[in-house]
Amino acid sequence: MNGEPTHGPTDETDPETTSSEDTTTGSEAAPLSPTAAADTPGHRLTAGLTIGSRVVVRYRLAEGAEAAATDFVGELVARNDDFLIVDTKTERVKLIRADVVAAKDVPPPASRPGPPHERVSADDLEKLMAKGWQALDRGGIGDWVLRASDGFTGRANSALVVGDPSLPVDKAIDFVEKWYAERDRPPIFQVHGERGFAVDGIPTAAALLERGYAVGGGRDDWQRVLVMTGPSAAVPPLTEESVPVTADAELKLDWLMSYAEQRTVVPGATEAVLTGSDGQLFLSVTDPESKRIIALARMAIHPGWAGIFGLWVHPDHRRKGLATTIVSAIAMVARENNMPAIYLQVSADNADGVAFWERLGFGVHHEYTYLARPTA
Ligand SMILES: CC(C)(COP(=O)(O)OP(=O)(O)OC[C@H]1O[C@@H](n2cnc3c(N)ncnc32)[C@H](O)[C@@H]1OP(=O)(O)O)[C@@H](O)C(=O)NCCC(=O)NCCS
């Protein structure tokens with residue numbers, strides 16, 4: 001059968017080299033040269049799929065099968081010119097690209113009933129948000145995601161503790177500490193839980209506290225970060241009175257300069273993280289008199305989700321509806337592009353920010369904290 005399950009470990013870039021031990025499908029596909037493969041509709045359809053994302057692949061079945069095609073839904077773990085490897089709920093399958101009828105990235109699955117912005121699990125939302133703020137240097141241990149970006153932001157320089165690290169917790173922590181030591185960076189762990197969760201109730205966090213790590217690593221804004229979500233449909237639409245908002249797919253210098261006015265940036269790393277997602281928009285409002293940007297945000301684009309990062313309004317222009325206008329513009333793009341849900345992250349100690357999002361109808365999906373040695 002095409003779409004044979006495979007069970008070997010996979011390399012993220014070359015399924016051929018790592019899965020041959022356990023698979024039999026290789027012989028079923030005539031070896032295709034890269035040029036020939038690139039000419040097949042199946043190859044073109046799968047070219048845009050993102051490794052690590054959840055995908056649905058409609059796949060042609062061999063002649064004589066009960067149906068003409070079947071769907072595989074799961075995480076795309078590897079691909080090359082000839083094959084895709086997808087981890088479905090029950091098995092790992094190796095799919096011949098030439099036999100792909102249709103394929104696309106899809107949102108994370110629902111883990112409970114509710115609207116799209118509520119029904120996703122915290123682990124899945126964390127993994128999605130990591131793609132909205134991609135670190136320069138990424139690694140993994142089991143499900144944990146290791147990120148380093150020359151110190152630009154906690155999110156892009158911490159180990160994301162999600163799911164199973166595939167090793168006992170202490171060994172996994174040793175691995176992470178070594179990974180950061182090799183990069184000359186302090187190890188920082190991002191650990192999440194329900195709203196108000198007890199940090200020492202999370203086994204990884206408890207093990208870190210025993211090693212002398214501190215909640216927040218000595219920073220107030222790292223103690224508790226709220227992950228808030230809301231429906232794009234509920235955000236007020238732009239009106240005739242709304243100030244003009246510029247939305248740019250490219251990171252322009254004036255946007256970056258305004259961003260750098262209010263945040264610590266690391267030249268090189270900042271640009272790479274800001275532009276590192278599969279899709280993003282840079283939004284801004286310019287003061288017609290000074291011609292300077294007075295409000296901005298970055299929108300990360302995902303299947304089914306929009307992410308909002310770095311929303312900021314110049315202190316002289318606050319409480320005039322500029323942030324609301326930018327979020328309205330983001331929500332408009334989201335609605336037009338089949339993204340019913342929006343996420344953002346805001347430090348719990350940022351009362352203004354939290355008040356703003358609550359007023360727009362956003363709620364806390366879950367929370368996270370950073371654990372770092374106080375010296376980090
Ligand atoms: C939070 C922030 C983006 C709000 O920008 P803004 O343009 O002033 O917001 P808006 O004028 O659109 O505010 C809409 C509503 O949100 C609420 N709100 C906004 N700022 C608030 C504040 N400081 N305190 C309480 N409520 C606030 C109010 O209900 C306000 O309506 P109102 O002015 O009619 O009472 C701005 O204060 C800012 O840039 N802060 C620093 C960066 C930041 O914290 N970003 C958000 C993190 S994700």
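First listed ligand is number 1; within each ligand, the first listed atom is number 1. Bear in mind that the values here come from a model prediction, so they are computed numbers and not experimental data.
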Checklist entry - Applying a 4.0 Å heavy-atom criterion (strictly less than), which segment of Q262 is in contact with ligand 1: side chain, backbone, both, or neither? => result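 For Q262, no heavy atom sits under 4.0 Å from ligand 1.
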Next on the checklist: Under 4.0 Å from a heavy atom of R318: which atoms of ligand 1 are those, numbered in the order shown and with their elements?
Outcome noted: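 It comes down to these atoms of ligand 1: 8 (O), 36 (C), 37 (O), 38 (C), 39 (O), 40 (N), 41 (C).
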Short N or O distance, [X] and ligand 1, threshold 3.5 Å exclusive:
X: H317; answer: no
X: K320; answer: yes
X: W312; answer: no
X: R263; answer: no
X: V313; answer: yes
X: L311; answer: yes

Checklist entry - Under the side chain to side chain contact (heavy atoms under 4.5 Å, CB included) criterion, do F72 and R58 qualify, and how do the steps go? => result CA-CA 6 Å; F72 290 97; R58 176 150 300 172; over 6 Å; no
Distance only, no hydrogens: is a donor on one side chain within 3.5 Å (strictly under) of an acceptor on the other, for [X] and [Y]?
X: H314; Y: E261; result: no
X: N157; Y: S149; result: no
X: S347; Y: N350; result: no
X: S277; Y: W133; result: no
X: R219; Y: Q223; result: no

Next on the checklist: Before you tell me yes or no, could you show the steps for L256 and L274 under side chain to side chain contact (heavy atoms under 4.5 Å, CB included), namely the whole-Å CA-CA distance, both residues' side-chain angles and the distance that decides it to 0.1 Å?
Outcome noted: CA-CA 9 Å; L256 184 59; L274 287 170; 3.8 Å; yes
Checklist entry - For atom 11 (O) of ligand 1, which of A355, A323, G321 has the closest heavy atom? => result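 Minimum heavy-atom distance to atom 11 (O) of ligand 1 goes to G321.
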Item to check | W357 near ligand 1 by a heavy-atom separation under 4.0 Å | outcome: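 Contact check W357 vs ligand 1: positive.
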